[in-house]
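Both counts, for ligands and for their atoms, begin at 1 and track the order of listing. Only a predicted model underlies this, so the values are computations on that prediction, with no experimental measurement involved. Start at 1 with the first residue, then count along the sequence.
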Amino acid sequence: MRQLIRNVRPLGAPPVDVVLDDARIGALVPAGSAPGDLPCLLDGEGRLLLPAPVESHVHFDKTLWATPWRPNTAGPARLDKITNERRVLAGFDVPIAQRAGPLIERCIARGSLVFRSHVDAEPDWGMAQFEAMLALRERYRDVIELQLVAFPQGGMLTRPGAADLMREALAAGADVVGGIDPAGIDRDPMRHLETIFDMATRYGKGVDIHLHDPGELGRFEIERIADFTEAAGLQGRVMISHAYCLGTFPLAELAPLADRLAALCISIMTCAPAHTSVPPVAWLLSRGVNVCSGSDGIRDAWTPLGSGDMLERAMLFAHRFGWNKDDELAMAFDIVSAGGARALGIDHYGLAAGCQADFVVVAAETLGEAVVDHPLERTVVSRGRIVARDGSFCGSR
Ligand SMILES: [Zn+2]
């Protein structure tokens with residue numbers, strides 16, 4: 001069906017009417033010049049039109065969303081947090097669907113329509129987490145694209161049964177092979193990388209590695225990830241999440257590695273955390289490295305923080321890096337939108353004719369204002385249908 005969105009400004013450009021052909025953008029024409037007989041889906045009244053943000057790194061399976069507030073009980077070290085989480089979730093009887101479902105709806109209401117969620121391959125729980133997330137993927141399939149990562153949160157080589165569970169999850173429909181600190185947690189970086197890249201090749205999947213290992217160790221692992229990516233022919237399908245180590249070297253020293261990441265189309269995901277070193281995002285982008293972002297954990301046993309709003313995440317980038325100029329705020333938005341689409345291999349993304357009609361109409365004067373204010377007054381359109389208004393998902397499931 002052909003219909004119209006009237007009078008919106010794409011990323012702040014002069015006003016246009018958007019002609020929709022079913023779930024796709026048919027054309028953008030100057031405001032007021034579209035055929036008057038087309039039904040009007042939405043009158044934007046001059047508001048901003050943005051491509052729907054992309055949530056490139058989240059952990060829906062472990063959220064405590066939509067349950068009573070739970071004070072954080074985790075210890076300071078990463079392994080403390082992992083064991084604390086296992087303890088908290090083991091004693092928690094609210095099913096994943098009743099926590100992650102409302103959180104997915106919250107994220108949609110804030111405008112995100114493409115997601116990559118890591119799902120714990122935890123032998124104590126077997127396939128339960130994956131089955132719950134696969135069911136949620138089906139439940140929201142008509143609105144969002146949800147990629148699932150088989151993620152060995154508690155270790156893979158060091159946790160008997162985790163690798164087999166990852167293989168089972170990949171066979172059952174998980175989209176991406178996860179990894180975690182090949183040295184820091186699994187204590188054998190080469191065997192860890194060999195194993196996950198072997199899985200990726202065998203099941204025809206991409207790779208997404210949580211890498212917190214610091215300094216020279218982390219840099220060594222990124223170099224080896226590049227080697228494995230090249231050997232496996234997985235250019236454009238590998239992401240390194242967090243990569244804190246990249247924030248601890250002089251830029252000149254990092255240049256050869258950055259150029260290699262760019263050449264192999266390996267994406268860097270950062271949440272722009274305030275408490276630790278972060279990759280030098282603007283510099284990486286200037287060297288052609290793709291950067292994307294996500295919320296990571298949202299109200300879970302690791303942290304009570306997180307809102308699921310990727311416009312707010314763009315604002316956090318501005319805070320973290322001291323970005324004040326309009327072009328810097330636009331860069332922050334690009335990271336949480338087009339950067340995510342590139343990283344996740346979404347090829348129908350954007351505001352051009354032919355792209356999927358996934359966008360957000362926001363009450364803001366400029367892109368910079370949308371990032372800074374991230375107003376709740378926004379209308380979310382998925383595949384040519386309005387799915388959320390003013391911060392609420394239409395038709396909760
Ligand atoms: Zn994570």
Side-chain angles (χ1 to χ4, degrees), residues 54-65 72 74 77-86 88-89 96 99-100 103-104 107 112 114-122 129-130 133 146-156 159 162 166 169 174-182 184-186 192 196 206-214 218 221-222 225 238-247 266-279 291-308 310 313 316-317 320 335-336 339-340 343-344:
V54 175
E55 166 64 83
S56 301
H57 186 120
V58 66
H59 294 262
F60 284 137
D61 62 317
K62 51 177 91 193
T63 186
L64 307 177
W65 194 262
N72 184 277
R78 187 156 292 106
L79 278 171
D80 297 336
K81 291 178 166 59
I82 291 170
T83 45
N84 177 66
E85 175 175 68
R86 225 176 270 154
V88 169
L89 291 179
I96 288 175
R99 298 180 269 122
L103 179 54
I104 289 171
C107 294
S112 296
V114 178
F115 301 84
R116 175 175 285 184
S117 183
H118 296 255
V119 184
D120 282 11
E122 168 49 54
Q129 317 293 101
F130 288 102
M133 289 307 304
L146 172 57
Q147 298 183 358
L148 302 176
V149 184
F151 171 52
Q153 170 75 81
M156 180 180 65
R159 187 121 180 105
M166 289 169 68
D175 306 279
V176 181
V177 182
I180 187 165
D181 292 330
I185 287 187
D186 254 1
H192 180 100
I196 62 175
V207 169
D208 192 332
I209 303 177
H210 277 67
L211 190 72
H212 319 89
D213 280 339
E221 290 172 304
I222 292 178
I225 290 167
V238 174
M239 189 192 295
I240 303 173
S241 291
H242 304 306
Y244 299 146
C245 62
L246 291 178
I266 294 175
S267 293
I268 298 294
M269 192 301 300
T270 177
C271 313
H275 68 285
T276 186
S277 60
V278 287
V291 179
C292 61
S293 186
S295 302
D296 208 1
I298 299 174
R299 196 174 297 187
D300 56 20
W302 289 64
T303 175
L305 297 175
S307 69
M310 292 304 289
R313 180 63 50 187
L316 294 174
F317 271 74
R320 180 63 178 83
I335 290 165
V336 304
L344 271 54

Item to check | Minimum-distance N/O/S atom that D296 presents toward the Zn ion (ligand 1) | outcome: OD1
Checklist entry - Quick one: angle H57 NE2 - the Zn ion (ligand 1) - H59 NE2, to the nearest 10°? => result 100°
Checklist entry - Would you say the side-chain atoms of N84 pair up with the backbone N or O of K81, donor to acceptor, closer than 3.5 Å? => result no
Item to check | Aromatic W65 / basic R299 pairing, under 6.0 angstrom, 45° off normal | outcome: yes
Next on the checklist: Suppose we screen for side-chain contact (heavy atoms from CB on, under 4.5 Å). Which residues come up paired with D120, at least two apart in sequence or across chains?
Outcome noted: D61, K62, E85, E122, W125, F151, Q153
Checklist entry - Is the distance from the Zn ion (ligand 1) to the nearest N/O/S atom of H210 under 2.8 Å? => result yes
Next on the checklist: Tell me every residue that passes side-chain contact (heavy atoms from CB on, under 4.5 Å) with S267, counting only those two or more places apart in sequence or in another chain.
Outcome noted: M239, N290, A343
